[in-house]
Amino acid sequence: MITSIFLFSIVLCSNLIIGVLLGMSGISGFLLPLIYVGFLGMPVHDSLALSFLSFAVSGLIGAYSYWKSKNMDLKLALFLSIGSLPGAFLGVQINVLISDFLAKLLLYLFILLAGLSILLKKNNENAKINRSIILNHTSIVILLGFITAVICALTGAGGPILLVPLLVSLGVNIRVAVGVSLLNSVVIAIPSIFGYFSHTSMQNTSMLIIASLLGTTIGMITGARLANKVPIHQLKIMIAIITILSSVYMLVMLKVGG
């Protein structure tokens, strides 16, 4: 009973904290599987099942917020999502087939790269880039959705950390890129949730689902309200440093354990 209550509390607090950071900065979702796998020692499939459940909730809340503020390109989101559905399914299947060691290695490496990309990215939100003609080709947009979804579903990465810089580099306004990526993360999460939950070994599943949903919802709403009161650039640097140190530590421990 004590173990169950402890696990419930950790999952609740983790989702609450990550939800607040997501609401304020739009990033940090990828830290959830790191917490579950690296620090709690949960099985990879259990961790990714709970993580994608959180991604779906945060994506819905975030996408609705961006849609209300007219920072959403529904046509772009639709074509990306057409590719993302089968891409996410494939990513889950690959993860299930590979060893736990390789799955953890891919997870930690991607999180390390995510942290480095945040730290090294220039603060150029106001820079204007001409929209690429690539986005006018439906087949290419669908392919982009497919490839990014495979990577996200395979590694447990949150969709925005991969898709936002890609869309911005193609000339999409950064706020629209975040809105589209949040909506797309919901599409990636749906097959990932079903895929990973079908391979979980966790006990007290309902309890952990409640903890995840409750923490994420409260965190996202709280973070959104605090967004204008926190220096976002400094917050992102802090998240990047924590991410890099944590992932390097986990890679070292994985090497030692292997």
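All values below were derived from every heavy atom in this structure, side-chain atoms included, with hydrogens, water molecules and symmetry-related copies excluded. Model, not experiment: these values are computed from the prediction.
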* Asked: Can you tell me how far the CG atom of L167 sits from the OG atom of S132, to the nearest 0.5 Å?
  -> 11.0 Å
* Out of curiosity, does F6 fall in the hydrophobic cluster containing L208 (side-chain heavy atoms, cut-off under 4.5 Å, transitive links)? -> yes
* **Test log, rule side-chain contact (heavy atoms from CB on, under 4.5 Å), inputs L163 and L166** => CA-CA 5 Å; L163 197 54; L166 177 60; 4.2 Å; yes
* Just jot down the salt bridge (Lys or Arg N to Asp or Glu O under 4.0 Å) partners of D73, sequence neighbours excluded, or say none. => R131
* Asked: Between N15 and S54, does a side-chain hydrogen bond (donor to acceptor under 3.5 Å, both in side chains) hold up when you go through it step by step?
  -> CA-CA 7 Å; N15 279 272; S54 177; 3.1 Å; yes
* State yes or no: do V92 and L85 share one hydrophobic cluster built from I, L, V, M, F, W and Y residues joined by side-chain heavy-atom distances below 4.5 Å, directly or via other members? => no
* Side-chain heavy-atom pair M72, V176 within 4.5 angstrom cut-off -> no
* G215 to L12 - nearest heavy-atom pair and separation -> N-CD1, 3.5 Å
* To do: Please tell me if the side chains of F110 and L106 come closer than 4.5 Å, counting only heavy atoms from C-beta onward.
  => no
* Verify, without hydrogens or angle tests, whether T217 (side chain) and L214 (backbone) share a donor-acceptor contact under 3.5 angstrom. => no
* Asked: What heavy-atom pair brings G91 and Y196 nearest, and what distance separates the two atoms?
  -> O-OH, 4.2 Å
* Looking only at heavy atoms, which two atoms of S185 and G59 are closest? And how far apart? -> OG-CA, 3.8 Å
* Asked: Should I151 and V96 be regarded as members of a common hydrophobic cluster, given that ILVMFWY residues are connected when their side-chain heavy atoms come within less than 4.5 Å of each other, either directly or indirectly?
  -> yes
* To do: Please confirm whether the backbone N or O of G145 pairs with a side-chain atom of S84, one donor and one acceptor, at under 3.5 Å?
  => yes
* Audit row: V37, M42, side-chain contact (heavy atoms from CB on, under 4.5 Å) steps and yes/no -> CA-CA 5 Å; V37 177; M42 293 175 62; 5.8 Å; no
* Asked: Would you find more than 12 non-hydrogen atoms of other residues, nucleotides or ligands less than 6.0 Å from I133 atom CD1?
  -> no
* **Which atom of L183 lies closest to which atom of A77, heavy atoms considered** => CD2-CB, 3.8 Å
* Joint hydrophobic cluster, I188 plus F146, side-chain heavy atoms closer than 4.5 Å -> yes
* CG of L182 to OG of S58: how many Å apart, nearest 0.5 Å? -> 7.0 Å
* Asked: Can you name the side chain to side chain donor-acceptor pair (under 3.5 Å) partners of N71, sequence neighbours left out?
  -> S69
* Got a second to check how far I209's CD1 is from L53's CG, nearest 0.5 Å? -> 6.0 Å
* **Candidate pair L50 and L32, rule side-chain contact (heavy atoms from CB on, under 4.5 Å), full reasoning** => CA-CA 9 Å; L50 287 175; L32 268 181; over 6 Å; no
* Asked: Yes or no on side-chain contact (heavy atoms from CB on, under 4.5 Å) for M220 and V57, after CA distance, side-chain angles and deciding distance?
  -> CA-CA 9 Å; M220 280 290 294; V57 175; over 6 Å; no
* Asked: To the nearest 0.5 Å, what is the distance between CG (L76) and CG (L80)?
  -> 4.5 Å
* **Flag for D46-T200: side-chain donor and acceptor within less than 3.5 Å** => no
* Asked: Taking the side chain from S99 and the backbone from L102, do they hold a donor-acceptor pair closer than 3.5 Å?
  -> yes
